[in-house]
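Everything on this sheet refers to the single structure shown next.
Only this structure's heavy atoms are used, side chains among them; waters, hydrogens and symmetry mates stay out. Throughout, a chain's letter reflects where its sequence line sits, starting with A, and its residues are numbered from 1.
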Amino acid sequence: MATLRTKREALVLVKEMTPENLEATVRRSSRNGLAPKRLQYSPEEETPKKKRKTKAVAVNGSQNKKPKDEEDAENSDVEHAPEGYGRLSAYELERLENIRQNQAFLSSINLFQATEEFKQLTRPKPSQRGLTRAHAAVKEVLPPRKSLRLQKKEAEILELPPEPRGTLIYEQSSPAKKPSGPLPMDPVNVEEGSKLPPQLLELCSEDVKEDKKILLDLKGYCSSMKINEDKVAKVVKDRIFSATFHPCTSSLLLAAGDKWGKVGLWKLGGDWGDDGVLLFQPHTRPVGCMAFSKSHPTQLLSLSYDGSLRCMDVEKAVFDDVYDIEDGLKTFDFMSHDCSTLVVGNWYGEVAIVDRRTPGNSHESLHTLDPKTLRCVNVHPLQKQYFVVAESKVVSIYDSRNLKKTKSQAVSQLHGHSLSISSAYFSPCTGNRVLTSCMDNNIRIYDTSTMTTKSPLLTTIRHDMQTGRWLTKLSAVWDPKQEDCFVVGSMMKPRRVQVFHESGQLQHSFMDSENLSTVLSVTAFHPTRNALLGGNASGRLHVFSD
DNA sequence: ACGTGATGACTCC
DNA sequence: TGGAGTCCCTCACG
């Protein structure tokens, strides 16, 4: 049993103490060697539940037969008064003793006191900044209803709707995919017909100097980066799948994409929309990947599982089509410094090299890699012909000049992953390292400086990746300002975001009892400023900055 | 054996 | 009072 570090942690523990997970807690504790003696049931019995079942069988056999009143006592979970002890078997005395020891153990860790002391405490209220309820819920006005019976009419004969055809049925009634062609950039959270705030274009067009990178000792600058209530806001409605900083430096401008294809733009301290948040709906299914164009920072490219890749252009105030397939886009990256060519990966294990200067999909080149396993593509920062692909259990580096329709030969491979790999990224300055996040609970760093057929593994870091059903998968991502540090969300309590050096050394844990109380699955550093973002499962962005 | 798919308790307005 | 919002772990199944 871990020591309780904060009041909230203790409260969570207490709140979670249902009979089911109390059992689990005791089991966990026993692995740590701290637990009291476990209840000792007879060998074939695992739990009290099972016990009852097996007992029913045992009654028929002659060996374990017990008087009926003793059985009732067990089932009622009420202990007999002391005079009853005389009739208890040795097994039951041991059971009572175990219960007593368990009680003593639970008292010794102050669980019961903690229950009393922290009963009133709740987790901090989520930030009310950003999107509001009024905008989030569209109220449907229905005419008053009167049943047919009250209207004294014959009942209608209703028929079941026809069985849906096709193989893909999404949860809820998923809205139809947006039509192709430019979509107007109309925010859904402000009054209809209102224009984009002109300051947004101004901010996006701001001259960005790459050489203004602030290189400080990481430990120093991490501890200067703080969060406060102004730096948390609801930017999209649902769970965040992707998020990024705009490269501008005079203000902090962020973008996030959610589960239902919404894209939110948030300027910290902005006076437009809801606390600086503008919400758009360019897609209809999760926005898996997004990035601002480095050569045209008024453009934000966003990719969705619905099969569309669009380019939000603040200048033209539209979402343009960039690339479109029926379904299942997964990931993309820029292949040239001018951001005109892209590598786009889909669920079917195909990568397409897309040139944005030729409209439509006609000029794309499509290459099938390992089918159904592609999860991430990332281009080498200097040698743009190389891109790294996270496949099922291997990461491959391909040369885009050397791709075939099928069975392309990888330039180099990174081995050692034992489960599926969620992401793989080249280090930002030299590309001499590749950082991978794997479902086997390891973050790995490989040496790709020589591009030999097998790139050597340098570092392995244990990290809990079991995010389960309700959270976006964790991905370790480099700090673009330097070569050798990366950030990753964490399941640990109290909730935190961690920064590691490529050597495996933990540099900093970003925590805040007031403003960070959820898992931040999606994380990213600002390209030039000392700022870090984290997105959670309810559409909130959190910023740590100077 | 791994990837996939599945909820429920609680609070607040 | 009920519906919407918030948060997020493990396990069965094929």
Side-chain angles (χ1 to χ4, degrees), chain A residues 8-9 11-25 27-28 31 46-47 49 118-142 167-172 174 189 232-241 258-260 262 274 279 285-286 305 328 330 347-349 370-375 390-394 417-422 437-442 464-474 489-496 513 515-522 534-542:
Chain A
R8 189 166 310 113
E9 197 177 349
L11 179 71
V12 168
L13 225 155
V14 170
K15 276 175 73 180
E16 288 171 356
M17 276 303 153
T18 59
E20 292 80 6
N21 62 19
L22 180 61
E23 167 87 8
T25 307
R27 224 181 298 135
R28 269 199 300 278
R31 280 204 294 274
E46 278 286 313
T47 66
K49 245 185 190 170
F118 303 130
K119 235 170 200 170
Q120 297 94 344
L121 281 184
T122 50
R123 79 165 62 226
K125 199 178 172 185
S127 161
Q128 298 303 298
R129 219 166 276 277
L131 299 178
T132 58
R133 278 184 178 226
H135 291 131
V138 181
K139 264 210 167 165
E140 199 180 349
V141 183
L142 294 170
T167 48
L168 287 172
I169 301 162
Y170 302 123
E171 58 177 298
Q172 300 185 7
S174 167
N189 67 325
V232 183
K234 193 167 169 86
V235 176
V236 283
K237 266 194 72 177
D238 218 300
R239 174 173 151 195
I240 294 181
F241 273 68
D258 81 354
K259 183 176 165 181
W260 294 110
K262 294 207 164 56
D274 294 304
L279 184 67
R285 300 205 52 225
Y305 296 1
K330 184 76 186 161
W347 281 343
Y348 311 103
D370 193 3
K372 294 204 175 187
T373 62
L374 185 147
R375 315 206 180 230
E391 293 171 275
S392 166
K393 281 180 191 169
V394 67
H417 302 90
S418 63
L419 287 177
S420 72
I421 302 152
S422 351
S437 308
C438 180
M439 292 309 286
D440 66 8
N441 291 339
N442 285 301
D464 183 7
M465 298 288 183
Q466 308 309 307
T467 45
R469 182 181 176 201
W470 305 107
L471 299 178
T472 302
K473 283 193 170 67
L474 301 177
S490 167
M491 298 293 286
M492 282 169 81
K493 291 179 185 177
R495 303 306 191 189
R496 66 194 68 188
S513 58
N515 301 294
L516 200 180
S517 58
T518 59
V519 175
L520 301 185
S521 297
V522 179
N536 77 6
S538 56
R540 287 192 168 75
L541 279 179
H542 302 63

**OP:** Among C:dT6, C:dC9, C:dC8, find the nucleotide with the atom closest to the side chain of A:Met491.
**Re:** C:dC9
**OP:** Specify the separation, in whole Å, of atom NZ of A:Lys473 and atom P of B:dG3.
**Re:** 9 Å
Original post:
By side-chain contact (heavy atoms from CB on, under 4.5 Å), which residues pair with A:Asp440, not counting sequence neighbours?
Top reply: A:Ser418, A:Leu419, A:Cys438, A:Asn442, A:Arg444
Original post:
Can you check whether A:Arg540 has a side-chain N or O nearer than 4.0 Å to OP1 or OP2 of C:dT6?
Top reply: yes
Subject >> Gap between atom CG of A:Leu374 and atom CD of A:Glu391 - 0.5 Å precision >> reply: 6.5 Å
Subject >> P gap between B:dA6 and C:dT6, integer Å >> reply: 23 Å
Original post:
Looking only at side-chain N and O atoms, does A:Thr518 come under 4.0 Å of OP1 or OP2 in C:dC7?
Top reply: no
**OP:** Could you check which of C:dC7, B:dC2, C:dC9 has an atom nearest any side-chain atom of A:Leu471?
**Re:** C:dC9
Subject >> Spacing of A:Asp464 atom CG relative to C:dC8 atom P, expressed in whole Å >> reply: 13 Å
Original post:
What's the CE-P distance between A:Met465 and B:dT4, to the nearest Å?
Top reply: 17 Å
**OP:** Could you check how far CG of A:Asn441 sits from P of C:dC9, rounded to whole Å?
**Re:** 13 Å
Subject >> Residue closer to the 5' end of DNA chain C, A:Pro126 versus A:Gln466 (nearest nucleotide) >> reply: A:Pro126
**OP:** Quickly work out the A:Leu541 CG to C:dT6 P distance and round it to whole Å.
**Re:** 14 Å
Original post:
Quick one: is A:Arg469 getting a side-chain N or O under 4.0 Å of the B:dT4 phosphate, OP1 or OP2?
Top reply: no
Subject >> Atom pair distance, as rounded to whole Å: CD in A:Glu391 and P in B:dG3 >> reply: 14 Å
**OP:** Measure the OG1-NE2 distance between A:Thr518 and A:His542 for me, rounded to the nearest 0.5 Å.
**Re:** 4.0 Å
**OP:** Name the residue closer to the 5' end of DNA chain C, choosing between A:Ser127 and A:Thr467 according to the nucleotide with the nearest heavy atom.
**Re:** A:Ser127
Original post:
Side-chain N or O of A:Lys234 less than 4.0 angstrom from OP1 or OP2 on C:dT6?
Top reply: yes
Subject >> P spacing across the pair B:dG8 / C:dC13, given as an integer number of angstrom >> reply: 15 Å
**OP:** Please state how far atom NZ in A:Lys237 lies from atom C1' in C:dC7, giving the value in whole angstrom units.
**Re:** 16 Å
Subject >> Position toward the 5' end of DNA chain B (nearest nucleotide), A:Met439 or A:Gly468 >> reply: A:Met439
Original post:
Can you list the residues that meet the salt bridge (charged side-chain N to carboxylate O under 4.0 Å, His left out) rule with A:Arg129, with sequence neighbours excluded?
Top reply: A:Asp230
Original post:
Does A:Arg495 put a side-chain nitrogen or oxygen below 4.0 Å from OP1 or OP2 of C:dC7?
Top reply: no
Subject >> Separation of the P atoms in B:dG5 and C:dC7, to the nearest angstrom >> reply: 25 Å
**OP:** Rounded to the nearest 0.5 Å, what's the gap from CE on A:Met465 to OG on A:Ser490? Could you check?
**Re:** 9.5 Å
Original post:
Distance between the C1' atoms of B:dT11 and C:dT10, in whole angstroms?
Top reply: 24 Å
Original post:
So, do A:Arg375 and A:Ser422 sit near enough that their side-chain heavy atoms are less than 4.5 Å apart?
Top reply: no
Original post:
Less than 5.5 Å between centroids and less than 30° between ring planes, does A:Trp470 satisfy that with C:dC7?
Top reply: no
Original post:
Whole-Å distance between C:dT6 P and A:Leu516 CG?
Top reply: 16 Å
Original post:
Is any side-chain N or O of A:Lys125 closer than 4.0 Å to OP1 or OP2 of B:dC10?
Top reply: no
